[in-house]
Amino acid sequence: MSWTAHVPFSDHDDAAQLDRARAALEAAGGAELTPRPWQHHGQPPSDTELVRLAAWLARGADSTDPDLLRAGLQLLDAARAEVDQVEAALLFAARAAGMTWPQVAAALRLGSAQAAQQRLNRVLARLEGPGDRHDGEARRSSDGRHPETGR
């Protein structure tokens, strides 16, 4: 497989590049990874799992195929987005289950409830992506209050 240094010119090019990276890592063993209980039958491995595979394959750096390392590096942003989605889901689930912000902060080993709220806001901002928000703040309800903090 030949990779070229190429900055995607469109979302279509970017998606095609990510698909090539996934295919390369699936061919290098990703397709044989044991599915997780939450995955549907036939669902391909997550980008997070493929990035972990690339790192594991790199343990013998002198014999690692640079194309596989490149593929893992190209999937890092997608893997990070997956982890952000899981973190947001856990934070919302914790609040829905009745955990207070101080309890969430303690579980995250943060110094304050405010730090935990700010962390949720940063995760949500990363998930929304650039250009999705115009005011630099997390989404607010129709009454102007943040859905989680009430402020």
Side-chain angles (χ1 to χ4, degrees), residues 1-101 103-111 113 115-134 136-140 146-149:
M1 173 183 287
S2 174
W3 292 80
T4 58
H6 168 262
V7 176
F9 294 107
S10 70
D11 289 342
H12 178 72
D13 291 341
D14 189 36
Q17 188 175 45
L18 292 175
D19 285 343
R20 286 190 300 273
R22 290 179 185 110
L25 287 165
E26 285 176 10
E32 287 82 41
L33 292 173
T34 304
R36 303 292 185 225
W38 50 86
Q39 289 178 302
H40 296 282
H41 177 71
Q43 182 179 349
S46 69
D47 291 334
T48 304
E49 293 294 325
L50 293 174
V51 167
R52 286 174 173 251
L53 174 65
W56 182 76
L57 293 170
R59 69 192 185 285
D62 56 335
S63 63
T64 303
D65 180 352
D67 287 338
L68 295 178
L69 295 175
R70 194 171 294 109
L73 291 168
Q74 289 173 330
L75 289 175
L76 277 174
D77 284 342
R80 189 168 290 116
E82 287 177 356
V83 172
D84 283 346
Q85 291 168 352
V86 171
E87 183 172 353
L90 284 171
L91 288 167
F92 283 122
R95 293 290 292 146
M99 287 181 71
T100 65
W101 281 114
Q103 290 170 327
V104 171
L108 293 171
R109 302 169 93 186
L110 297 173
Q117 293 169 340
Q118 289 171 340
R119 180 156 171 173
L120 174 62
N121 288 337
R122 283 192 303 274
V123 168
L124 293 176
R126 285 194 305 263
L127 289 172
E128 288 176 347
D132 290 345
R133 290 189 339 256
H134 303 287
E137 294 184 14
R139 288 189 183 136
R140 304 208 176 258
H146 185 279
E148 278 294 308
T149 65

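All values below come from the heavy atoms of this structure, side chains included, with hydrogens, waters and symmetry mates left out.
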Enquirer: Could you tell me whether the side chain of Trp101 reaches within less than 4.5 Å of the side chain of Leu110, counting heavy atoms only?
Expert: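 They are not in contact (no side-chain heavy atoms under 4.5 Å apart), so the answer is no.
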Enquirer: For Leu76, enumerate each residue passing the side-chain contact (heavy atoms from CB on, under 4.5 Å) test, keeping only those at least two apart in sequence or located in another chain.
Expert: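 Counting only residues at least two positions away or on another chain, Leu76 forms a side-chain contact (heavy atoms from CB on, under 4.5 Å) with Val51, Leu73.
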Enquirer: Any idea which heavy atoms bring Gly30 and Leu53 closest together, and the distance?
Expert: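 Between these two residues, the closest heavy atoms are N-CD2, 3.3 Å.
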Enquirer: If I compare all heavy atoms of Leu124 with all of Ala88, which pair ends up nearest, and what's the gap?
Expert: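 Here Leu124 and Ala88 meet closest at CD2-CB, 4.3 Å.
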Enquirer: Which pairs, with at least one residue in residues 82-93 and sequence neighbours excluded, count as a salt bridge (Lys or Arg N to Asp or Glu O under 4.0 Å)?
Expert: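 Of all non-adjacent pairs touching residues 82-93, those that pass salt bridge (Lys or Arg N to Asp or Glu O under 4.0 Å) are Asp84-Arg126, Glu87-Arg119.
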Enquirer: Tell me whether the NZ or CZ atom of Arg59 lies within the 45° cone about the ring axis of Trp56 and under 6.0 Å from its centre.
Expert: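 So Arg59 does make the cation-pi contact.
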Enquirer: Just to verify, what does Arg122 make a salt bridge (Lys or Arg N to Asp or Glu O under 4.0 Å) with, not counting sequence neighbours?
Expert: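 Once residues adjacent in sequence are excluded, Arg122 has no partner under the salt bridge (Lys or Arg N to Asp or Glu O under 4.0 Å) criterion.
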Enquirer: Measure the spacing between CG of Asp14 and CD of Gln74 and express it to the nearest 0.5 Å.
Expert: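 CD of Gln74 is found 9.0 Å from CG of Asp14.
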Enquirer: So which heavy atom on Leu25 is nearest to which on Leu68, and how close?
Expert: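 Shortest heavy-atom contact: CD2-O, 3.9 Å.
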Enquirer: Apply salt bridge (Lys or Arg N to Asp or Glu O under 4.0 Å) to Asp65 and list each qualifying residue two or more places apart in sequence or on a separate chain.
Expert: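 For Asp65 there are no salt bridge (Lys or Arg N to Asp or Glu O under 4.0 Å) partners, ignoring immediate neighbours.
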Enquirer: Identify the heavy atoms of Leu69 and Ala54 that sit nearest to each other, and give their distance.
Expert: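 Minimum heavy-atom separation between Leu69 and Ala54: CD2-O, 4.2 Å.
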Enquirer: Compare all side-chain heavy atoms of Leu120 with those of Val104 and state whether any distance is below 4.5 angstrom.
Expert: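 No, too far: nothing below the 4.5 Å cut-off.
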Enquirer: Per the side-chain hydrogen bond (donor to acceptor under 3.5 Å, both in side chains) rule, what does the pair list look like for residues 33-44, sequence neighbours excluded?
Expert: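 Every side-chain hydrogen bond (donor to acceptor under 3.5 Å, both in side chains) pair that includes a residue of residues 33-44, provided the two are not neighbours, is Arg36-Glu49.
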Enquirer: Which heavy atom of Pro45 sits nearest a heavy atom of Leu33, and at what distance?
Expert: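 Here Pro45 and Leu33 meet closest at CB-CD1, 4.2 Å.
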Enquirer: How would you list all residue pairs meeting salt bridge (Lys or Arg N to Asp or Glu O under 4.0 Å) that involve residues 38-47, not counting sequence neighbours?
Expert: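 Those involving residues 38-47 are Arg22-Asp47.
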Enquirer: Measure the spacing between CG of Leu18 and CG of Leu50 and express it to the nearest 0.5 Å.
Expert: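 If I round to the nearest 0.5 Å, the distance is 11.0 Å.
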